[in-house]
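Accompanying notes for the structure given below.
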Amino acid sequence: MVDRNGWGRERPAPTGAPRSPPAAFVEQANVTDEEIYEAFDENWPACWERAAELLTWNEPYDTVLEAEDAPFYRWFTGGTLNASYNCLDRHLEAGRKTHTAIRWEGKRGERETYTYRDLYVEVNELAAALRALGVGEDDAVTIYLPMIPELPIAMLACARIGAPHSVVFAGLSSEALATRMDAAESEYLITCDGYYRRGDAFNQKAKTDNARIALEQDVQTIVVDRLGDDLPHVLGENERDYDDFREAFEGETVEPVPRDAEDMLFLMYTSGTTGQPKGVVHSTGGYLAHVAWTSHAVLDVKPEDTYWCAADIGWITGHSYIVYGPLALGTTTVMYEGTPDYPDRGRLWEIVDRNAVDVFYTAPTAIRAFMKWGEEFPEGYDLSSLRLLGSVGEPISSRPWRWYHEHIGNEECPIVDTWWQTETGAITVSTLPGIDEMKPGAAGPALPGTDARVVDDSGDEVGPDEAGYLVLARPWPGMARTLYDGDDRFVAEYWRRFSDPGDDRWWYESGDAARIDADGYITILGRVDDVINASGHRLSTMEIESAITNVDGVAEAAVVGRSNATAETEIYAYVSTDGHNDPDAAIREAIVENVEATIGPIARPEQVIFTPELPKTRSGKIMRRLLEDVANGEELGDTSALRNPEIVGEIQAEIFGADAVDE
Ligand code: PRX
């Protein structure tokens, strides 16, 4: 029984009657054909041509799916296309050059509008400049930028010349940047002088400089001047100013390079179960087809919409649903640089109101914050333009679901709770909003053409409503093709545990636990590996632990996620010091500092709990699951298998106080 560890203890089955999508929504929805599930099933894998048809191909593909080298699946083989052409040129050719592509809302209230033509011009100039600098097809270009228009522009410029981009979230540390550049053997970097954090100027260039010092390779760097006089900077060797660099190629255009459907469009580093981040490789054809299809079928995006995904482009959500999906469909995508509570807690609703946003897509962590702040903030604005709401990144339980439905959607907008991952590339589990009923708390069925199952430790399927491991039993076009660090690691991480190569059975292991009900609706219960999903950020316990054990005086560390009163996941670090060092405030501070320096502020431990030893099994394995239960104040099971059971009470006393433990 997989649920022995208590996964899902805080995730009751969805309650309340399922809700039908509102008739007014269904009437206009992009996909309303109820037969679609059956049609995709019967006609698999050819059904995925519906996704490929949303794109313009240079050379048509001749095979939808090649599975001979499974799990190295190949989609739309023989086809060639260019992602930048699909996101730009073809909309100009269709007479839509004055249509708004990007509406940018800056942190300080600045606004910028890029029409498809504006975007086309800037992308072409940058592409010409990059090529002149020596960037060739398949050279990885690292982009380390906050949410400013130059970020999607740089991505599309790379795509235009066939150079894969590797975007590193701007909030990650210089060390994290260096690790990723090193792993990707990247010799080109597009970054900026700094950006505003709340109201203050923050120096990004200093982080970039440190990363470059740590790298062996020479790096050609392009620096966007975001802050002007607020943070003057000096350009050193191999550094160029973005505007000068691009403007030297003013008015130039670059023919989009036809890429094989299977060629890499980008790589994206994400946290895995070891300390070394995984470089997830995404293809050009399958990825773009899948993100365009899900933007159309799940997010119901239409070319005339103003669509807003309030994520950061530094993560996969922003790649797929701020940049590639919406731009491939020719819609207006809103890009927001700031935070939801600056300058005040009505900021997002003010942006929805002013831009008449049609579709809004965000994360449960944000929804819970809105709920906490109160409905008076959204009530102050006209949100009647909204037609559909989306959620991604974590489970959304039924209370925030209902709040979102009522106070943002006025009970008139369907909500899509979309489950997917960096590795799946695009939405994999969700209701289709024009067809399916919604069950608050459950994400929904697997998308048409997708086969999600829940299995036990031995890989056998469990019954309805039983918890187990979520696997995907059929390939899908947006799937990661490999890991940049090697095919072996790709197979080991995702395809070993539940596959049976002898039987040609390849089941993708998602790393999540889930339950499926009798209607096929999937409730996600959370990660089952050593990955913590903290406020929508995916972090590896091993990566944080190694940042902690690198601090002088620390002997051992174990990191777990703890769900606080508002259901946010916080990081708890259990630390033992070596024989020469007493735990004190200085070590605590050094631990927090080193985590921030090595990974970034997003990984900062909320609590550092000192303990003389960590609880271990007789074979010496740290009992992380037990430590998670302790942090969450859960009933502890049998601790007799521990080598040092007495330590558990000491740890509880450290967290909750001695009285609480005695009770
Ligand atoms: O645990 C699942 C959770 O986020 C993980 C993937 O994280 P990442 O690769 O950073 O991508 C996040 C955005 C796609 C998953 O393994 N997750 C994502 N969406 C949901 C979710 N958990 C529950 N419900 C969701 N809708």
Side-chain angles (χ1 to χ4, degrees), residues 7-8 10-11 14 167 169 172 267-273 277-280 282 287 290-291 294-295 298-299 309-322 324-325 361-368 389-398 400-401 404 415-431 438-447 452 454 467 469-472 478-480 483 493-494 508-516 521-540 543 561 563 567 569 602-603:
W7 299 326
E10 285 155 38
R11 305 248 34 230
V167 177
F169 175 62
L172 290 185
L267 75 163
M268 158 131 278
Y269 282 90
T270 189
S271 298
T273 48
K278 302 192 272 202
V280 174
H282 279 294
Y287 170 82
H290 202 167
V291 296
T294 44
S295 300
V298 179
L299 300 171
C309 168
D312 194 295
I313 296 175
W315 309 111
I316 193 70
T317 307
H319 277 52
S320 300
Y321 298 111
I322 298 177
Y324 286 114
Y361 191 25
T362 191
T365 180
I367 299 166
R368 288 192 297 265
L389 301 173
S391 173
V392 59
E394 293 168 80
I396 174 167
S397 45
S398 41
W401 193 102
Y404 196 32
I415 295 180
V416 285
D417 175 2
T418 63
W419 177 89
W420 58 293
Q421 309 178 298
T422 304
E423 293 87 343
T424 70
I427 297 169
T428 319
V429 172
S430 167
T431 48
M438 298 166 271
K439 296 190 189 186
L447 282 198
V454 171
Y469 303 96
L470 181 68
V471 300
L472 298 174
M479 66 197 304
L483 292 178
E493 293 267 357
Y494 307 107
Y508 168 85
E509 178 188 358
S510 69
D512 276 3
R515 286 191 302 255
I516 305 189
Y521 276 56
I522 299 170
T523 298
I524 304 291
L525 305 173
R527 301 289 308 194
V528 288
D529 52 10
D530 295 328
V531 168
I532 300 182
N533 198 338
S535 309
H537 295 302
R538 182 166 151 179
L539 301 162
S540 142
E543 223 178 318
S563 183
T569 301
I602 55 171

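For the numbers below, each heavy atom of this structure counts, side chains included, while hydrogens, waters and symmetry mates do not. Throughout, residue positions are numbered sequentially from 1 according to the sequence presented. Indexing begins at 1, ligand by ligand and atom by atom, following the structure's order.
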Chi angles and distances behind the side chain to side chain contact (heavy atoms under 4.5 Å, CB included) call for V291, H319: CA-CA 9 Å; V291 296; H319 277 52; over 6 Å; no

CA sep, side-chain torsions, deciding dist, call: L483, V280, side chain to side chain contact (heavy atoms under 4.5 Å, CB included): CA-CA 5 Å; L483 292 178; V280 174; 3.9 Å; yes

Ligand 1 versus A443: contacting region, heavy-atom distance under 4.0 Å: neither

Numbered atoms and elements of ligand 1 in range of R527, under 4.0 angstrom, heavy atoms: 1 (O), 15 (C), 16 (O)

Any W420 heavy atom less than 4.0 Å to ligand 1: yes

Y321 side chain to T294 side chain, donor-acceptor N/O pair below 3.5 angstrom: yes

Test of proximity, E423 against ligand 1: N or O pairs below 3.5 Å: no

Within reach of ligand 1, part of I524 (heavy-atom separation under 4.0 Å): side chain

Mode of E394 contact toward ligand 1 - side chain, backbone, both, neither (heavy atoms, under 4.0 Å): backbone

Residues T523 and R515: side-chain donor-acceptor under 3.5 angstrom: no

S510 N/O under 3.5 Å from ligand 1 N/O: no

Test item: side-chain donor near acceptor, Y269 and T422, under 3.5 Å: no

Heavy-atom nearest option to atom 20 (C) of ligand 1, drawn from S320, A311, G393, P364: G393

From the candidates I522, T270, T418, V392, the one that places a heavy atom nearest atom 26 (N) of ligand 1: T418

Verdict with supporting geometry, Y361 and T418, side chain to side chain donor-acceptor pair (under 3.5 Å): CA-CA 10 Å; Y361 191 25; T418 63; 2.6 Å; yes

N533, portion touching ligand 1 at heavy-atom distance under 4.0 Å: side chain

Short N-O contact, R527 and E509, less than 4.0 angstrom: no

